[in-house]
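Because only heavy atoms are used, hydrogens play no part in the values below, and waters and symmetry mates are left out as well, while side chains stay in. Order of the sequence lines fixes the chain letters, A, B, ..., with proteins taken first and strands second; residue numbering starts at 1 for each chain.
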Amino acid sequence: MERKVRVRFAPSPTGPLHIGGVRTALYNYLFAKKHGGDFLLRIEDTDQTRFVPGAEEYIIEAFNWLGIKFDEGVGVGGDFGPYRQSDRKPMYKEYAEQLLNSGWAYYAFDTTEELDTVRKEFEQEKKNFQYDCNTRGYLRNSLSLSKEEVDTLLRNNIPYVVRFKFPKDTEIHINDLIRGDVKMNSNLLDDKVLYKSDGMPTYHLANIVDDHLMNISHVIRGEEWLPSCPLHVMLYKAFGWEETMPEFAHLPLLLKPDGNGKLSKRDGDRLGFPVFPLQWTDPKTGDVSSGYRESGYLPEAVINILALLGWNPGTEQEIFTLDELIDIFLIERISKSGAKFDLEKAKWFNHQYLQLMPNNKIAEQYLSILKEKNIDICLEYVEKIVGLVKERCNFVADLWEQSSFFFVKPESYDEKVIKKRWKEDTAQRLNEIAELLNSIDDFNVEKTEHEVHSFIEEKELNMGQIMNCLRLSIVGEGKGPNLFEIISLIGKEESLERINTAIDRIGKNE
RNA sequence: GCCCCGUUCGUCUAGCUGGCCUAGGACGCAAGAUUUUCAUUCUUGAAAUCAGGGGUUCGAAUCCCCUACGGGGUACCA
């Protein structure tokens, strides 16, 4: 029988989650849902020194915003808990002991200082120190020391770590779902610490134990884990869990768009685009890093952007709902090379999603921006404006730039337009137009448009002689949607007032 | 240094089992059309000698090897 798909996203709460992490989670989620499986959130907080308060809550809130739901884990519960590794602390020791007893691991009593000294000695000889099959023989561990010595050290509570004993001359194969067969020779690998002197497991031990206990079927994680994957594979073997060892898939990394290197949390706002899903305030320094949510990105757009950064369905479709993504997601189609984030394309995606969003929803958000500007206005009016200008916006916040003239009169008039369009007879013509508009009782788009156009025809003028300056007087600039839509929305009185003000202020332009 | 992974337009990428590739799409860029204007939209265009060099083959972006470059790892961090 096919094993049920169970995948996990396992961040460590060392700060805000960056978009690379979000993408990893997204791919896990898509894979799980595609196969009718479970998606769990496990918090890997084995390094107590790097714990950052608020990080866990941040992670949960971020996925909440994005609409990615966990089936199990921190914040949701489940049958395989606890899902926070610090809460699982007592259980790791027995697994470390199991390896100790079976000879797959050994005690090491070397202090950090001792190891540093050895490292320096190696460096001086231009050699690289590694705690491995070649060096463990003369370091202080249960392999080099006599049984009595080891017992004495343990009895006296001398701090120790447990290290994995990598076998010699073994070729370790990883069958990666994305990269295929990857092999490494065990002689080049070092005896990693599995269990720290503070009584906590390292990532490697905790990860394998938890994945096993939680019945994880597939491990989908960043490429930075590929080098330590042989250790993980060997651990499954050492525990005798080979039969249920998950399949591995190592994702390409998200790279910095400017220089080189992988995108990191520290890149923050340096790059001109958010690196985090939500805004984050560093609890220690108070530094604020911008987030996609606060920058006006729609969650659906962020998901779409991330999904296509390193994966594509092989068709020419580019806009996908989450459900569509689940439907067509194939892990084999994830690319092997790292991807750089493209800000322009990200904006384009958000533009697409903004157009898809109902006007009243956009209007609700715009209303709160207007409120901040002390503009108190009804939703229906704003909704109409949104319908008129949203196609020129990438973000809800762009609406103001495109529609402020609906709410406030022009304070100045674009000099370039005046120079180009405001002629000697313009003031006179606009007076006539004002008069004409004033005579219209049914002040709607069709009527005003018809009347003004007839006027232009009758006087044998061309559109350019009237329309541009009329727009200038209403908007203050030579831009914006259909002018008759604008005047019908702001109303007759306001329109006339603006025309008269413009005539007064620009005058004859002599 | 050593180990591992990668390398197609500026960017994201299609191309996987070699011939349909004079290398396709998208973003961005340029031009034109539409518009009273700006933007949107539409059309067209420029843009990769497929990192370089060797093979294999009638034929290679696609297979093999070497080199270069990029990335990752090399912690009692994850």
Would you say the base of C76(B) and the side-chain of T202(A) have a donor-acceptor pair closer than 3.5 Å? no
**Item:** Donor-acceptor pair present, R392(A) side chain and C38(B) base, under 3.5 Å
**Value:** yes
Per nearest nucleotide of RNA chain B, the residue lying toward the 5' end, F109(A) or E223(A), is E223(A)
By nearest-heavy-atom nucleotide on RNA chain B, the more 5' of E44(A) and E344(A) is E344(A)
Quick one: do [X] and [Y] make a salt bridge, cutoff under 4.0 Å?
X       : Y       : answer
E344(A) : K347(A) : yes
D191(A) : K165(A) : no
D87(A)  : R84(A)  : yes

Categorize [X] for me: base, sugar-phosphate, or nothing, with a 4.0 angstrom heavy-atom threshold over every strand shown.
X       : answer
P481(A) : base
N128(A) : base
N482(A) : base

Under 3.5 Å: donor-acceptor pair, side chain of [X], backbone of [Y]:
X       : Y       : answer
K423(A) : K420(A) : yes
E458(A) : F455(A) : no
N187(A) : D169(A) : yes

In Watson-Crick or G-U wobble terms, with both distances under 3.5 Å, the base opposite U43(B) is A31(B)
Phosphate OP1/OP2 of [N]: any [X] side-chain N/O under 4.0 Å:
X       : N      : value
T46(A)  : C77(B) : no
K340(A) : G10(B) : no
R471(A) : C38(B) : no
K196(A) : C77(B) : yes

Of A26(B), A14(B), C4(B), the nucleotide closest to the side chain of V182(A) is C4(B)
Under-3.5 Å N/O pairs linking protein and nucleotides 18-25 of chain B:
| unit_1 | atom_1 | unit_2 | atom_2 | d |
| --- | --- | --- | --- | --- |
| G25(B) | O4' | E316(A) | OE2 | 3.4 |

